[in-house]
2 protein chains.
Amino acid sequence: MKFTVASFNVNSIRSRKELLLEWLLTNCPDVICLQETKVRDIDFPEDFFKEKGFHAIYKGQKSYNGVAILSPHPITPLNSDLGDVAEPGEARLLAASVKGIPIINTYIPQGQAVNSPKFSYKLSWIKSMRDYFNTNYLSTLPLLWMGDFNVAPEPKDVHDPKRLYGKVGFHPEEHLALQYVKEWGFQDVFRMHEPEAGHFTFWDYRIPKGVERNLGWRIDHIWATESLAKRSTRAWIDMEPRRREKPSDHTLILAEFELSGESI
Amino acid sequence: MKFTVASFNVNSIRSRKELLLEWLLTNCPDVICLQETKVRDIDFPEDFFKEKGFHAIYKGQKSYNGVAILSPHPITPLNSDLGDVAEPGEARLLAASVKGIPIINTYIPQGQAVNSPKFSYKLSWIKSMRDYFNTNYLSTLPLLWMGDFNVAPEPKDVHDPKRLYGKVGFHPEEHLALQYVKEWGFQDVFRMHEPEAGHFTFWDYRIPKGVERNLGWRIDHIWATESLAKRSTRAWIDMEPRRREKPSDHTLILAEFELSGESI
DNA sequence: GATGCCCTAG
DNA sequence: CTAGGGCATC
């Protein structure tokens, strides 16, 4: 059985729901994780997707953040509580199981500015993910961690590593924090299939013609535990959502897994 | 020499500048008076119009009000100070001379609600225009007073005079105040050429399909002193700016004058 | 009710 | 640059 997952920072589900639905109907992933839905649960356009056969779970708040998981298959909610580190009310983590595979969808804090309280918060938030995994899952079993990590892990994940080194999103402390969680048992599925530099998922709105000039960052990720990662057959970035009138500042990443054959 | 003037409440010059420029290039008026530019002078898109050959003078403030005059001809600023009645900082009056003709562009206060302080302010504001004209001009000479007056002078200037009588914009005290200024020496140029009811320049956003159902008000005006009014050849309302995606709640009025022949 | 500005956030 | 939300105006 082929299993395709996707992640997309929509930057408002209400602004991008038509684009997203079209993309879903064309590309037929088994799961899509969304970040920055920017909507209260009461206003999430659940019916809009339900009418076309998609299940949805979501955790939102007013104006900011917000995460959701959509699938044509049934979705089973899992524990989505990060613990004491996370500020109450912040909708940044949503976990669910689809076809028996646990999927953790996160919108990691952006961090604002190095030396700001929000940057420290980002580091703590990331590190506490390890506790969350330890408490709720086994690294020996299939597991997906995906979403907007707001961190470009390696030099080849930013367009100008020399200039950007030490900036928010490409800072050694962020790398350390993320590495610490990765060592719980994750592999970067995109990087398994694409060793080259210059593949990005995010472009700052404030940089003119950033996409055309490829001045981006790879900060959206699909990570998997070993047992699942070794069954990945493909991982790629889809630029289609960027070829629209008002694109999000992120684009979409995907990974494909072959789950047939001997059991894991 | 033909001389064509126009008035348009743009409801934000920044939102409507493309629409306006296209209209100007198509219709080639000698002067256009704008109201509700809603922009500080520092942010007025002067270059946008200058590039296409238009001179501009403007008086704006943050968020509200704001008046401007555009012309392909040179514009000479005139005294634009209404006096003590006007609240300081409010950008509602802009006077300038184009081809030797003084043009006074006003955005008269809307008045909010009858019996509100803003309604009293509106009445005082209107009446003080007579002092302004007395101080700065001669009623025997050519002069144009135009803009958004926020008053429909006659029953035929509203779609339902019976029901609307006494409401803001069609109130006897407003009629009295406006009449008092008119008697300084003005003629309603549009009415000289169009005696029929049902010609409007404003439709309330709150009335569904107001334009299609013609549920409007004629509150934008072009008035001229006798010597100029008698040279008017035409006056009309142009609905073209309403046939757009996001039209202003007002549309555009025009008047044409023939200034050749014996001197005034 | 529709629109536009300001503000915050990314 | 582009969201949402709050606010004021009409």
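Proteins get letters first, then strands, A, B, ... in listed order; numbering begins at 1 in each.
Ring-centre distance between B:H171 and B:Y165: not below the 6.0 Å cut-off.
Summarising the geometry, the separation between CG on B:D43 and C1' on C:dG4 is reported as 14 Å, rounded to the nearest angstrom. In this structure, the CD atom of B:E245 is 12 Å from the P atom of C:dG4, given to the nearest Å. Taking atom CD of B:Q35 as the reference point, atom C1' of C:dG4 lies 17 Å away to the nearest angstrom. Atom CZ in B:R40 sits about 17 Å away from atom P in C:dG4, given to the nearest Å. Distance B:D249 CG to C:dG4 P: 9 Å, rounded to the nearest Å. Taking atom CD1 of residue B:I42 and atom P of nucleotide C:dC5, one finds them 17 Å apart after rounding to whole Å. Between the CD atom of B:Q61 and the C1' atom of C:dC6 there is a distance of 14 Å, given to the nearest Å. C:dA9 atom P lies 17 Å from atom CG of A:D148, rounded to whole Å.
By the ring-ring contact (aromatic ring centres under 6.0 Å, His included) test, A:F200 is found to be paired with no residue, residues two or more places apart in sequence or in another chain being considered. With sequence neighbours excluded, no residue forms a salt bridge (Lys or Arg N to Asp or Glu O under 4.0 Å) with B:E194. With sequence neighbours excluded, the residues satisfying salt bridge (Lys or Arg N to Asp or Glu O under 4.0 Å) with A:D188 are A:R218.
Nucleotides of DNA chain D with any atom under 4.0 Å from a heavy atom of chain A span, from 5' to 3', D:dC1 to D:dG6.
Salt bridge status for A:R244 with A:E22: present, with a side-chain N to carboxylate O gap under 4.0 Å.
Contact annotation: B:S12 side-chain N/O to C:dC5 OP1/OP2 distance is under 4.0 Å.
Contacts of residues 202-215 of chain B with DNA chain D (heavy atom under 4.0 Å): B:F202, B:R206.
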Determine, stepwise, if the pair B:I253 / B:W236 fulfils side chain to side chain contact (heavy atoms under 4.5 Å, CB included). CA-CA 6 Å; B:I253 49 161; B:W236 68 102; over 6 Å; no

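Using cut-offs of 30° and 60° for the angle between ring planes, the A:W223 and A:F186 rings count as tilted. By the 30° and 60° cut-offs, the orientation of the rings of A:F170 relative to A:H175 is perpendicular.
Annotation: side chain to side chain donor-acceptor pair (under 3.5 Å) contacts involving residues 108-120 of chain B, sequence neighbours excluded, are absent.
Counting any heavy atom pair closer than 4.0 Å across all strands shown, B:F119 reaches no nucleic acid atom.
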